Enquirer: 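Take this structure first; my questions come after.
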Amino acid sequence: MMADTGQHVAIIMDGNGRWAEQRGQPRLVGHHAGAKRIREIVEACPAVGVKYLTIFAFSTENWKRTQSEVSGLMRLFKRYIRRESQNLVDDGVRVRFIGDRINLNEQLASTMDELELVTADNKRVNLTIALNYGGRDEVTRAVQRLAREIEQQRLTAKEVSAKVLAGFLDTHFLPDPDLVIRTSGEARISNFLLWQSAYAEYEFIETLWPDFNSEEFSQLVLKFRTRERRYGAVL
Ligand code: FPP
């Protein structure tokens with residue numbers, strides 16, 4: 001049992017905009033700097049026993065940002081995915097996306113499909129990228145799919161359990177997160193993995209995402225593990 005704790009870490013990558021503003025730069029400069037941090041964190045996972053890393057790239061609420069920021073982010077996602085694809089394959093990283101793909105640009109969506117396909121056999125680290133993701137939106141879409149199953153009499157209302165519902169979520173292939181980290185000092189979960197984080201521990205840290213590094217990440221994971229072990233001893 002113990003070997004499993006801390007295997008799934010989820011991160012709300014916040015503070016890119018402020019990082020850029022502090023330097024008198026446009027917000028997109030912060031997003032680019034933020035994107036560059038991801039590889040280091042992914043590569044730090046195996047050494048600290050993290051099998052699953054889930055990152056929040058774009059929320060269903062982020063469409064409300066200025067059009068230039070939104071389109072800049074979409075271009076960044078597409079370029080970043082293409083550029084990192086070979087590295088991810090070589091590093092044994094399996095990438096999957098969660099969120100609603102329906103409103104995404106066709107080119108971006110097909111780049112995402114392709115990355116999932118070329119990394120499908122990888123097993124070292126499972127990286128899940130939440131893009132156009134919102135916890136309430138995810139549960140709503142899951143319930144719509146579930147209701148359709150009932151309508152078509154493939155399922156009865158009575159058969160719906162927490163486990164059945166979880167199977168309809170975007171995250172059906174993931175264990176629940178053990179630890180959720182949010183950078184940049186905000187103590188909110190902002191609609192991230194609402195259902196899945198029911199028992200997760202949270203770490204709200206001051207560091208802005210573009211300044212976050214593998215050392216701080218590993219320390220947080222090890223701190224989580226020490227805490228788990230202590231509770232384990234008391235019980
Ligand atoms: C939050 O900072 C960050 C985002 C909305 C975007 C996250 C995106 C990345 C880190 C870029 C790359 C990701 C992938 C998967 C390629 P903020 O803009 O809310 O910062 P602020 O709170 O300081 O304004």
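Order of appearance sets the numbers: ligands from 1, and atoms from 1 within every ligand. The figures here come from the full heavy-atom set of this structure, side chains too, leaving out hydrogens, waters and symmetry mates. Quick caveat, the model's predicted, so the values are computed rather than measured.
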Enquirer: For Gly15, state whether at least one heavy atom is located under 4.0 Å from any atom of ligand 1.
Expert: yes
Enquirer: Judged by atom type as modelled, is there a donor-acceptor pair below 3.5 Å linking the side chain of Asn191 to the main-chain atoms of Gly135?
Expert: yes
Enquirer: Tyr80 and Ala35: which non-hydrogen atoms are nearest, and at how many Å?
Expert: CE1-O, 3.3 Å
Enquirer: Could you report the tightest heavy-atom contact between Leu165 and Ala142, atom names first, then the distance?
Expert: CD1-CB, 4.2 Å
Enquirer: Side chains of Glu43 and Ser214: do they bring a donor and an acceptor to under 3.5 Å?
Expert: no
Enquirer: Using heavy-atom distances, let me know which of Ile129, Asn62, Val95 sits nearest atom 15 (C) of ligand 1.
Expert: Ile129
Enquirer: Using heavy atoms and a 4.0 Å limit, tell me yes or no: is Ile38 in contact with ligand 1?
Expert: yes
Enquirer: Does this structure show an ion pair linking Glu186 with Arg18, if we count only N-O contacts that are shorter than 4.0 Å?
Expert: yes
Enquirer: Can you report which non-hydrogen protein atom sits closest to atom 3 (C) of ligand 1, along with the distance?
Expert: Met13 O, 3.1 Å
Enquirer: Do the side-chain N and O atoms of Gln7 and Tyr52 include a donor-acceptor pair separated by under 3.5 angstrom?
Expert: no
Enquirer: Name the closest protein heavy atom to atom 20 (O) of ligand 1, giving the residue it belongs to and the distance to 0.1 Å.
Expert: Gly17 N, 3.0 Å
Enquirer: Can you give me the closest heavy-atom contact between Met74 and Trp63, atom names plus distance?
Expert: CE-CH2, 3.6 Å
Enquirer: How close does the nearest protein non-hydrogen atom get to atom 11 (C) of ligand 1, and which residue and atom is it?
Expert: His31 O, 3.7 Å
Enquirer: Under 3.5 Å, is there a donor-acceptor pair between the Arg23 and Gln25 side chains?
Expert: no
Enquirer: What do you reckon, does Arg65 put a non-hydrogen atom under 4.0 Å from ligand 1?
Expert: yes
Enquirer: Answer with side chain, backbone, both or neither: which part of Leu131 has a heavy atom less than 4.0 angstrom from an atom of ligand 1?
Expert: neither
Enquirer: How far is atom 9 (C) of ligand 1 from its nearest protein heavy atom, and which residue and atom name does that atom have?
Expert: Asn16 ND2, 3.7 Å
Enquirer: Identify, for atom 7 (C) of ligand 1, the protein heavy atom at the shortest distance, and state residue, atom and that distance.
Expert: Ala57 O, 3.3 Å
Enquirer: Compute the shortest N/O to N/O distance between Tyr80 and ligand 1 and return yes if it is under 3.5 Å, no if not.
Expert: no
Enquirer: Does a side-chain heavy-atom distance below 4.5 Å link Thr60 with Asp100?
Expert: no
Enquirer: Using a strict 4.0 Å cut-off to heavy atoms of Arg18, name the atoms of ligand 1 that fall inside it.
Expert: 21 (P), 22 (O), 23 (O)
Enquirer: Nearest heavy-atom pair of Pro177 and Val180: which atoms, and what distance?
Expert: CB-CG2, 4.3 Å
Enquirer: Taking distance alone, with N or O pairs closer than 3.5 Å, would you say Trp209 contacts ligand 1?
Expert: no
Enquirer: Residue-level breakdown please: for Ile81 versus ligand 1, do any non-hydrogen atoms fall below 4.0 Å on the side chain, on the backbone, on both, or on neither?
Expert: neither
Enquirer: Could you find the nearest protein heavy atom to atom 12 (C) of ligand 1 and give me its residue, atom name and distance?
Expert: Ala35 CB, 3.5 Å
Enquirer: Which one of Glu21, Arg27, Gln22 has a non-hydrogen atom at the shortest distance from atom 24 (O) of ligand 1?
Expert: Arg27
